[in-house]
Amino acid sequence: MAQIQRLEDAATNPLTGSEWPADHSKIVQGRRTLPVHGNLDEILEAYHQNQVLVLSCETGSGKSSQIPQMLFYDEYESGLRVACTQPRRLAATTLAERVSKEMAVVLGEEVGYVIGGEKKMDKKMKKSRLLYMTEDSLVRRLGSDNNFPDFACIIIDEAHERTVEADMLMALLKKTLRHRKDLKLIIMSAPVNISKFQDYFNGCPLVHVAGQNHKVEINYLAPRTACNDLRALAVNVVAMIHQSYGPGNILVFLPGQGEINQVCDLLRKYLKDLDVFALYSKLSSRKQHMALNPEGPNRKCIVSTNIAETSLTIDNIVYVVDSGLSRQLVYNPRLDMDMLRVAPISQASANQRAGRAGLTKNGVCLRLYSKEDFELMDASTEPDIRRRSFQATALRLLSIGYMNIVGFKWMDAPHPDSILRAAQDLQDWGFLKDDGFLTPLGRIAAHFPIDPIWYRAIHIGAGLGCAFDIVDIAVVCHSQKSIFAHAPEHQRVADLFRATAARYPSDHVALANFFHMFMAEREKCQPDEDPRSKLHDWCKYNFLDFDALEGIRNTRKRLHKFLGATAKLKPSMASQRDVTSVPKALAIAFAHHAAIYNGGDDEYRTVPENTSGRLSPTSCLVNGNWEWIVYHRFSATGTKVYFEIATAIDAEWLVDLPNFQENQLALKKDGSLRQPKVKNSLDAAKARIAASTTI
DNA sequence: TTGTGGTGT
């Protein structure tokens, strides 16, 4: 450590040989006041004596910028790199920028970043010795080269978030560490469930790093009951803070968009001298920016989802109002269905929310629940791997040579049903052979930039001459943000517009057509024009969201590049000539997401599970009584179950598929058919085919 | 006849 200090205090920059910039000594002094600075000797000693080290870090310690920097100097002689992974792109780039500035080097030379395909590093000269990377880009690297010969140390930052990628990295690195005794691993986590990391890495040592957080006073309110109106409670608590507490901005955590907009409306109505902002990810970036950088003399109140818990930081928050709830993803592997449920958050999450009040000075957190409620909460949030579908992750593991998916040593294994579902789907999709090896198709799909099932759909589309139609459908379905603008006052008009704009009974095709309309309009832009302002009125008139469509355009560019370079696919668009090729390709690719009409009210039943749901009311198939559909997503909110993004298909397209053969149809316990309707429909289709071929 | 958290390739 003393050696590093000497380097930093030297007359010139030892890395570049040039003079330090004017503010160098000020930067160094600032860094030495960070809480983590007091622990650096202890950390370095533990680092030298162990292969794996767990750091339990409180917020505001400066760990993410200082520890990688220290290890950079410590490992400099070795000529090897240090990597520090981040769950989010923004964190990776801003840390790399900050650290390169602190070390007075050019970003992309000694210090760089890798986020997805985007790299800012010196590759040829191997000059980049400290890399901030998104977790996924390191997983990708492991795939091609799983002993990391050019790395001395891997740091997994924010490990407590337990993303699938971080869990995968830890499992893969655990194995690598056995082969490369000189490779080191540091797990940096918030002080939550730390012993779990230590146990996983054979009881490795732990160093605690204090934070810079100011004190946050925690207040509990009445016990949570079913009849408590969360919105009214939140509004009253904000009003109380506003009227009787000292200055400082207020941050309110609610489960979602609906609750947030209602609370914002009420607050604006009753508290005239309070500036109210909504904050959630689907909000346009312009509105997000307004909420994050509020200006003006009034007190500000930001009403937010979980996005403000980790991803975004807002200045000058002194009061936090915590509903104790969030929307959480629950995956049902049997139905391959995602459910978004409002559920109590974990204690770790509650503490993280409270901590947001203490970033600038002492703060207050008001929890809209009782201490007893808090004690009943889970200690930490269930890791992502337990809450998501497993197909893409399984494909990823197989592609980097892990054939034993069931025996893979996760810190927390996926649910056995998820593993079975994934294995079955990968076989059905033609990605996985019976012997456990990937097919050539599966190998390519593993590297596909979006959900691998879309690679299969495009491949089938290629056979039917409509590959690029399917690409466009894939990108619109993949977009997290809806392409339709959110304007509550015009929602009914917008819905009507969507339903009537469709020419075929296909939501997939309708979505792609809106995208095509957008692209045609965008083509009209002159090179010197700003497409956003040029298309503003057009988007508004057509109820479309510019940002979402622009994002889809970028994804499409990436897919086209991949398809041209890796998959060597020739462009083909058949939808203009042959209207059946696209729904037929969708029927074959999404045969595992087929459903049969059950009766009035647009009710369909999945095949073979026989689970009932209804067409989403915005579907252009509503009231069409189509016999069969394939759907993109089957989702449940509360008690309602909807098929989202559906296309009507002909039974004739199903009869040749393996899962629709007579001996494959699902049976009840007594041996009779679970869905006799399915057999009747397939038999009728076979009869129609026979009739048309004999004529 | 409705309305949904956050990441990443």
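No experiment lies behind these values; they were computed from the predicted model shown. Worth knowing before you read on, the calculation uses all heavy atoms, side chains too, and leaves out hydrogens, waters and symmetry mates. Chain letters run A, B, ... following the sequence lines, proteins first and then strands; every chain starts at 1.
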Practice task
Please work out if L340(A) contacts a base, only the sugar-phosphate, or nothing of the nucleic acid, heavy-atom cut-off 4.0 Å.
Solution key: base
Completion exercise
Applying side chain to side chain contact (heavy atoms under 4.5 Å, CB included) to V237(A) and not counting sequence neighbours gives L221(A), I241(A), V321(A), L366(A), L368(A)
Exercise for the section: Give N306(A) one of three labels, base, sugar-phosphate or nothing, depending on what nucleic acid heavy atoms sit under 4.0 Å from its own. Expected result: nothing
Exercise for the section: Looking at every strand, decide which applies to S281(A) at a 4.0 Å heavy-atom threshold: base, sugar-phosphate, or nothing. Expected result: sugar-phosphate
Exercise for the section: Go through DNA chain B in 5' to 3' direction and return only the first and the last nucleotide with some atom under 4.0 Å of chain A's heavy atoms. Expected result: dT1(B) to dT9(B)
Practice task
May I ask you to say what E165(A) touches in the nucleic acid, namely base, sugar-phosphate or nothing, with a heavy-atom cut-off under 4.0 Å?
Solution key: nothing
Handout entry: Sugar-phosphate only, base, or nothing, as touched by L615(A) at under 4.0 Å among non-hydrogen atoms
Key = nothing
Practice task
Would you classify E644(A) as touching base, sugar-phosphate or nothing, given that sugar-phosphate means primed atoms plus P, OP1 and OP2, and contacts are heavy atoms under 4.0 Å?
Solution key: base
Practice task
Answer with base, sugar-phosphate or nothing: what part of the nucleic acid does E309(A) contact at a heavy-atom distance below 4.0 Å?
Solution key: nothing
Practice task
Identify whether any heavy atom of T134(A) sits under 4.0 Å from a base atom; if not, whether one sits that close to sugar-phosphate; answer base, sugar-phosphate or nothing.
Solution key: sugar-phosphate
Exercise for the section: For V622(A) and for R388(A), find the nucleotide of DNA chain B with the closest heavy atom, then tell me which residue's nucleotide is more 5'. Expected result: V622(A)
Exercise for the section: Select base, sugar-phosphate, or nothing to describe what R387(A) touches, counting heavy atoms under 4.0 Å on all strands. Expected result: base
Exercise for the section: May I ask you to say what P449(A) touches in the nucleic acid, namely base, sugar-phosphate or nothing, with a heavy-atom cut-off under 4.0 Å? Expected result: base
Exercise for the section: Remember a base hit wins even if backbone is also touched, and classify R162(A) as base, sugar-phosphate or nothing at under 4.0 Å, heavy atoms. Expected result: nothing
Practice task
Using a 4.0 Å heavy-atom cut-off across all strands, classify D601(A) as base, sugar-phosphate, or nothing.
Solution key: nothing
Fill in the blank from the handout: Contacts of T305(A) and I450(A) projected onto DNA chain B by closest heavy atom; the upstream (5') one is T305(A)
Exercise for the section: Could you pull out all residues at least two apart from F546(A) that satisfy side chain to side chain contact (heavy atoms under 4.5 Å, CB included)? Expected result: F518(A), P531(A), R532(A), L535(A), C539(A), E550(A)
Practice task
Please name all residues satisfying salt bridge (Lys or Arg N to Asp or Glu O under 4.0 Å) with D507(A), sequence neighbours left out, ordered by chain then number.
Solution key: none
Exercise for the section: Kindly say whether the aromatic ring centers of F562(A) and F448(A) come within a distance under 6.0 Å. Expected result: yes
Handout entry: Check: H560(A) ring centre within less than 6.0 Å of F468(A) ring centre
Key = yes
Practice task
Not counting sequence neighbours, list each pair that qualifies as a salt bridge (Lys or Arg N to Asp or Glu O under 4.0 Å) and has a residue in residues 325-351 of chain A.
Solution key: E259(A)-R327(A)
Problem - Qualifying residues under salt bridge (Lys or Arg N to Asp or Glu O under 4.0 Å), relative to R268(A), sequence neighbours excluded - result: D265(A)
